[in-house]
Amino acid sequence: MTEQVTIRKAEKYAVSQRALAEETRSFFMQNFGCNRKVYNLYVDWLYNKLEETGYTGGERIPKMKLPEITMFKKEHSYLKEVDALGLANAKISFEKAIDHFNNECDHKSYTKRALRRDKSGTEKLTFRGLKGMPSFHSKTHGYNSYTTNCQYPNKKNKLKQATIRMEKNKLYLPKIKDGIELIVHRPFPEDAKIGNVTISMESNGQIYASIEYECIAERNIDLQQAVQNGDRDVLDNIKVLGLDYSQESFYVDSEGRKANYPHFYLRTQEKLGREMRKLSHMQKGSSNYKEQLSKVQKIGLKTRNQRKDYINKEALRLSQENDAIAVEDIDLRGMAQCLKLGKKLHDNGFGQFRVILENILRDKGSILIKVGKYYPSTKKCHCCGFCNSDIKLEDRKWVCPNCGVMHDRDENAAINIREEGKRIFADYYQSVLKKEEQSEMRAKRRSEFRHRSRK
Ligand SMILES: [Zn+2]
């Protein structure tokens, strides 16, 4: 059985460089710059406030009323020339950065960079070096983007049509009358209701438009109903695949298969390393350095695209072949920080892979089950349930002291993850539904609030 549901999606298109008018490009650049400026003005304002109040860390950033953007516009009149909604979004992203610091950081550890600078005597440790503290966005390190929202006609604003529209391959944005031509690989759904668009620029100058939209989709709700009715016949027979994260081969699944991590990817990785080493020997700021930097950035971009392509295809295949997928709810960021695993972990994008899997599975009416962080998937023997706490990180194979079965470390873990995933499937599904309900309620309240405050 299917049900019509509203789903939120995003589609990212490259902007046709050939058809992009020079003045549109410079309008984008202006927006990127002004967004960065507004964000940095807020950071600067925050730092001043924190210094005034003698804040030294150890606690949350106190609640403060942020200055309005109009105040910045008085000082910097060029801010008036760009998309005002873009600036409003810069403010929102700054507010999010504060929330992130308050809710997800410990308010006392410092970044590696701050510790290094303290050690070498260049800069004393202050609250500015705290992990997660909002910091200035630099022009050279990305942050070339701005987000603008779509406004729809209503009685009050007297708009004739939506401010953002997609017509064939053309995207119309506020302040861009002629629209921009996109390279459309997948047609944009006609009934989509656009929420916002983010224009961004990669290091090689390529501009992208990422469109967030809502659309109505048919979702299979057989599994959901089975969960809600406690239908054991269905629940006991679902096909769950367990995945164990593996450094060497991306993942190992509960059938003992290793992900076939493509070789082309490794090759570009080697090349990237080589070119980065070359870069490190060059004089910063010299013309050779700049040339080499753009070379490195190009390879980096290619690697990222290859990876994205690979994990998307892999996620699609796995979600087609299984009813549900179970993974370990490991803290990848925490893992990357300890040991030498760091770089490799960031490189093969397992975190991104999980997010994509989660979305694809949800769209088809299933879920990605995240098995608890403290579940002993590696140490447990899947045959007899014995917990072997003697296993070390380097043991690839081990023999169960209780039942004598020999295990491949990763495969055994994947099987345990699958079994635990199966066990908690129904409860987990319920919790996902509950979360969705809550976030829908919040969105509803927010939009009601917005309506009221406008009146
Ligand atoms: Zn055993």
Side-chain angles (χ1 to χ4, degrees), residues 223 226-227 230-261 314-315 317-342 344-345 348 350-351 353-354 357-358 361 366-432:
L223 273 177
V227 167
D231 187 345
R232 294 280 18 136
D233 273 354
V234 177
L235 295 177
D236 291 343
N237 291 311
I238 54 168
K239 191 178 170 204
V240 178
L241 186 76
L243 299 182
D244 182 42
Y245 171 72
S246 141
Q247 283 159 65
E248 288 89 57
S249 45
F250 198 51
Y251 68 75
V252 174
D253 74 13
S254 44
E255 325 258 296
R257 287 174 301 214
K258 290 189 163 111
N260 227 341
Y261 217 46
E314 200 62 10
R317 186 178 67 79
L318 291 181
S319 53
Q320 280 166 346
E321 290 170 1
N322 299 281
D323 293 323
I325 292 170
V327 293
E328 220 174 345
D329 191 11
I330 36 170
D331 175 13
L332 288 170
R333 209 185 293 159
M335 243 171 107
Q337 272 165 5
C338 65
L339 303 170
K340 291 170 209 148
L341 307 179
K344 247 183 177 160
L345 260 178
N348 62 15
F350 196 69
F353 179 63
R354 285 193 313 193
L357 261 180
E358 194 169 7
L361 284 164
S366 182
I367 50 161
L368 177 77
I369 316 155
K370 288 179 189 161
V371 170
K373 229 181 270 189
Y374 301 106
Y375 177 74
S377 57
T378 315
K379 292 172 180 161
K380 197 169 157 185
C381 163
H382 79 263
C383 303
C384 69
F386 180 79
C387 254
N388 184 358
S389 9
D390 296 335
I391 305 171
K392 292 183 195 71
L393 198 64
E394 61 269 20
D395 294 337
R396 304 317 308 168
K397 285 193 166 21
W398 57 282
V399 176
C400 173
N402 187 45
C403 71
V405 174
M406 171 129 119
H407 291 304
D408 173 281
R409 174 203 178 89
D410 296 329
E411 187 185 343
N412 176 61
I415 293 173
N416 281 326
I417 291 170
R418 178 190 67 199
E419 291 308 310
E420 178 67 3
K422 255 189 191 169
R423 192 182 71 81
I424 62 172
F425 176 77
D427 286 340
Y428 201 87
Y429 204 121
Q430 299 270 26
S431 74
V432 169

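None of these values were measured; they are calculated from a predicted model. Note that the numbering runs from 1 along the sequence shown for the chain. For ligands, and for the atoms within them, numbers begin at 1 and follow the listed sequence.
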Asks: Given side chain to side chain contact (heavy atoms under 4.5 Å, CB included), test E419 with S254 step by step and report yes or no.
Replies: CA-CA 9 Å; E419 291 308 310; S254 44; over 6 Å; no
Asks: May I have the angle between C403 SG and C381 SG with its vertex at the Zn ion (ligand 1), rounded to 10°?
Replies: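 Answer comes to 110°, rounded to 10°.
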Asks: Do D410 and R396 meet the salt-bridge criterion of a basic N to acidic O distance under 4.0 Å?
Replies: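 Looking at R396 and D410, the cut-off is met.
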Asks: Students often mix this up, so state it plainly: with edges at 30° and 60°, are the rings of F350 and F250 parallel, tilted or perpendicular?
Replies: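 If you compare the ring of F350 with that of F250, the planes turn out perpendicular.
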Asks: Determine, using ring centers only, whether Y428 and F425 are less than 6.0 Å apart.
Replies: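 No, they do not, as the ring centres are separated by 6.0 Å or more.
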Asks: Got an N, O or S from H382 under 2.8 Å of the Zn ion (ligand 1)?
Replies: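 Here the distance criterion (N, O or S atom, under 2.8 Å) is not met by H382, so no.
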Asks: Suppose you place the vertex at the Zn ion (ligand 1); what is the angle out to C400 SG and C384 SG, to 10°?
Replies: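 Rounded to 10°, it measures 110°.
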